[in-house]
Each structure stands twice: as structure tokens, then as C-alpha cells.
Amino acid sequence: MKVREAACALCNSEWGDHWEEVDGQRMFFCCWVCARAFDHMVQEVKRRTGWEALDEVKIEGDYRGRECAAIRGAEAYRFRLRFDPETGELLVFEPIASV
Amino acid sequence: MVCGRSSDTYSALAEHILKWAASSDPGHVMWLNRNITKQKVGEEELSGLLEAFATDATTLASWMKQTFIERFYGPRPHPFVRALQRPTRATLLGYVVEHQHFLRQWVRSAASVIAKTDRRDVTSYEIDNIVTEFGGQGSDAPAHYELLLRMGEALGLPREDVLSTSPLPRTKQALNFWAKLAERGHWVEIMAAMHGLELIANRDLVEEGASMRYFDPAILKDEAVPEAVKDFLREGYEADVAHSEEALALVEKYAKEFGLQDRVRAAYLQSLDAFDLHLNARLERGRDYESA
């Protein structure tokens, strides 16, 4: 999966030094909350799409809510989500209908 | 400023924050992300950024306003504020059910200030505030709390149901913070933490950079909106400019006199985090009424 190398895979922060494996890939996160949130997001997308792996997740927004596009080959799956800022649990996950 | 730990210098504060950020502590990392920068910088640069963050504004009151605007009325306003521009019945009911708990804590916090202060202007201010928010002055001037319950009734939710509903976890978490501060904090910190939140309904913030008002004032003239809803919204719209400005002036005055500026900033930032949680809980509760 394509992720940022020098910043948190979820929130783009350069602070912290937390490394965790997501889908067998070692990734940098600013803290364990972002790591858990990112993992929840990836697993939820895989569950809903049936994809075995993701090429990339484009993420816009902040802790109050994010709009994302998961990419797999030529396909894109768009969704909105919000995490619990203290635990990284998914609070909201809403697919965005394709136009 | 971050976790309540006091530091004599910005350099010492930077050193403390860097130590915790390096160990990926979520509280310190998130504080940096939200308030200072997401870009990693060294101790000297962070020290300068922290000092600028705390002292950029000309006064403590203007710093509180600017910080509030950035957190709730910036380029990405809080989702509850966006929802309140043209609110649905569900949004307003979520507001009623969660906010009544907030107002109950409000009175406890104001009472705590009265119990702890020896300044007459502060005592008078808080008494007036409790009357406006909770006590009311007869049928001609019902309290904000009463207007809130009437709004719920006008939207079909009996007050018995509102009063018997426990707060959602996020509101409860926020209430715990304010209750603890009311118990252990200095009265100037409590005032800043509580009255700074009244800025949410201060319509004059748009003149200082807010991207929108708390709600679209056209609602107040909309014949389709129940009168009880307009009465509630109008009360905050008209009262909270004076309320928040007067309180901020008192906070400014006494934080300086007691040398509490940094503690006040820390309490205020934590209160903004708690308020953010509570506003999210209003939206979460509102979803219970979406299909009702």
C-alpha cells in the first residue's frame, strides 16, 4: 500500500515515532490511536468492497471527519468516516455514492 | 499548557512536549497537531512557536477569541455549527437532550466561582449569569434552561423524557472535566473555561474572522420554525455577546492580577476539547431522532 514515508499514514503529522504493521506492511504513525484508526479503516474498506488489498487510501479532513478514497487498480471506493479520538474506534463510516 | 504541567520558560515547556511527543504519547502529539504544527521541529523552534501561540494576541481575551474561532469557526467549522445553520428537528432534539446536562454543570461551575472568589464584580456577574441561564425572572424572562426544555416540547419531546435521559459518554466525559475543574481549579480558570464557551453564540465573531455565525439568523424570521425554537435561539443570540465579552474582561483582569495567564490558557484549551466532545454528542444524539 502506498503511504507517506515521513509522516503519519492517517493524519500526516511528523511527530511521534510509532511503527505498526497494517496488512503485513510496516508503517509510521504519530501515535497508537492513529495506528488503530488506520487499521480499522483498512479492514472496514476490505470488508465492504471484498478487495484483498488496497493500493492506496487518499485522505482529506481532520479528527472531526475525513473524506477518503480507497484505490485498487483502476477502481476507487469513496467514503466518509470519523474515529473516536481517544481509542481510534470507528464512530461513523458512510460510503459516498458514485456520481 | 498541554497537560497542566507548569513550566517557567517556553524552552522548558518545549523540552517537556518534545520528550512526550518522541514517545508517541497521543495527548501531547494531538495537542501539537491541533494547536501548533504537524511538522516536526527542534526545541528552539518549538519554543518560539509556543511563545507565539501564547502571546501573539494583544490581550488574553483576544487570544481566547482567536483560538475559539480557529477551533470552531475556522475554514472547517465544527460539524454541529454547520448542522445548526439550517437545523433539522433531529439536530435540535440532540441539542436539547445533551445540552440540558451541560447547563446543569454550568450552574455548578458558576456556583463554584462564587464560592471561591472574594471579588464583588465577579460574584455579581456570576449571580446574574445563573439567573439568566438557569433561574429566570418570572414568566416575562424565562431562563435559557427553561427555553431549551420548551424547544424540546415544541418539537414533540416531553420535558420528562429530556430530564430522565442520561448524557451520552462524550458529554459525560466533558462534564467530568468541567466538574473536576470546578472542584480543584482557581476561580479565574473556571471562569475562562466556562464563559469562554459562550463565544459559540457571539455573533460579533464574524467581524473578527469567524467563517459563519452559530446559526443563520434568517431562522428567527422563518414562519415554519416553531416560536419556542426561535425563542431559545434568540436568547443566546442576543445575550451571549454581552455575557462572553464581560466575562472575558474579568478573566483578563484577574488572570493578570494573580499571574495566572498560563494556567488560564491551559484550562481554556482543555475546555475547548471538552466542548468539542459535547458538540459531537449533540450530533450523535440527534441521529436517534432522524427516523422518529
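Residue numbering restarts at 1 for every chain, and letters A, B, ... go by the order of the sequence lines.
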Student: Are the charged groups of A:R66 and A:E60 less than 4.0 angstrom apart, N to O?
Tutor: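 Answer for the salt bridge query: no.
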
Student: Among A:G16, A:P85, A:A6, single out the residue with the greatest number of heavy-atom pairs under 4.5 Å to chain B.
Tutor: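 The candidate making the most pairs under 4.5 Å is A:G16.
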
Student: Please state whether the rings of B:H28 and B:W20 are parallel, tilted or perpendicular, taking 30° and 60° as the class boundaries.
Tutor: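 Aromatic pair B:H28/B:W20 classed parallel.
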
Student: Checking B:A22 against chain A: side chain, backbone, both or neither under 4.5 Å from a heavy atom?
Tutor: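 For B:A22, backbone heavy atoms alone lie under 4.5 Å from chain A.
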
Student: Side chain from CB out, backbone as N, CA, C, O: work out which of these in B:T37 comes under 4.5 Å of a heavy atom of chain A, or both, or neither.
Tutor: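 Both backbone and side chain.
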
Student: Does any heavy atom of chain B fall under 4.5 Å from the side chain of A:C11, the backbone, both, or neither of them?
Tutor: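 Contact with chain B: backbone and side chain both.
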
Student: Under 4.5 Å from any heavy atom of chain A, what part of B:Q173 do you find: side chain, backbone, both or neither?
Tutor: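 Only the side chain of B:Q173 comes within 4.5 Å of chain A.
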
Student: May I ask you to decide whether B:D288 forms a salt bridge with B:R285, counting only side-chain N to carboxylate O separations under 4.0 Å?
Tutor: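 Result for this pair is yes, salt bridge flagged.
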
Student: Between B:D273 and B:R71, does any NZ, NE, NH1 or NH2 come within less than 4.0 Å of an OD or OE carboxylate oxygen?
Tutor: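 So B:R71 pairs with B:D273 through a salt bridge.
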
Student: Salt bridge between A:E21 and A:R26, side-chain N to carboxylate O under 4.0 Å?
Tutor: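 So A:E21 does not pair with A:R26 through a salt bridge.
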
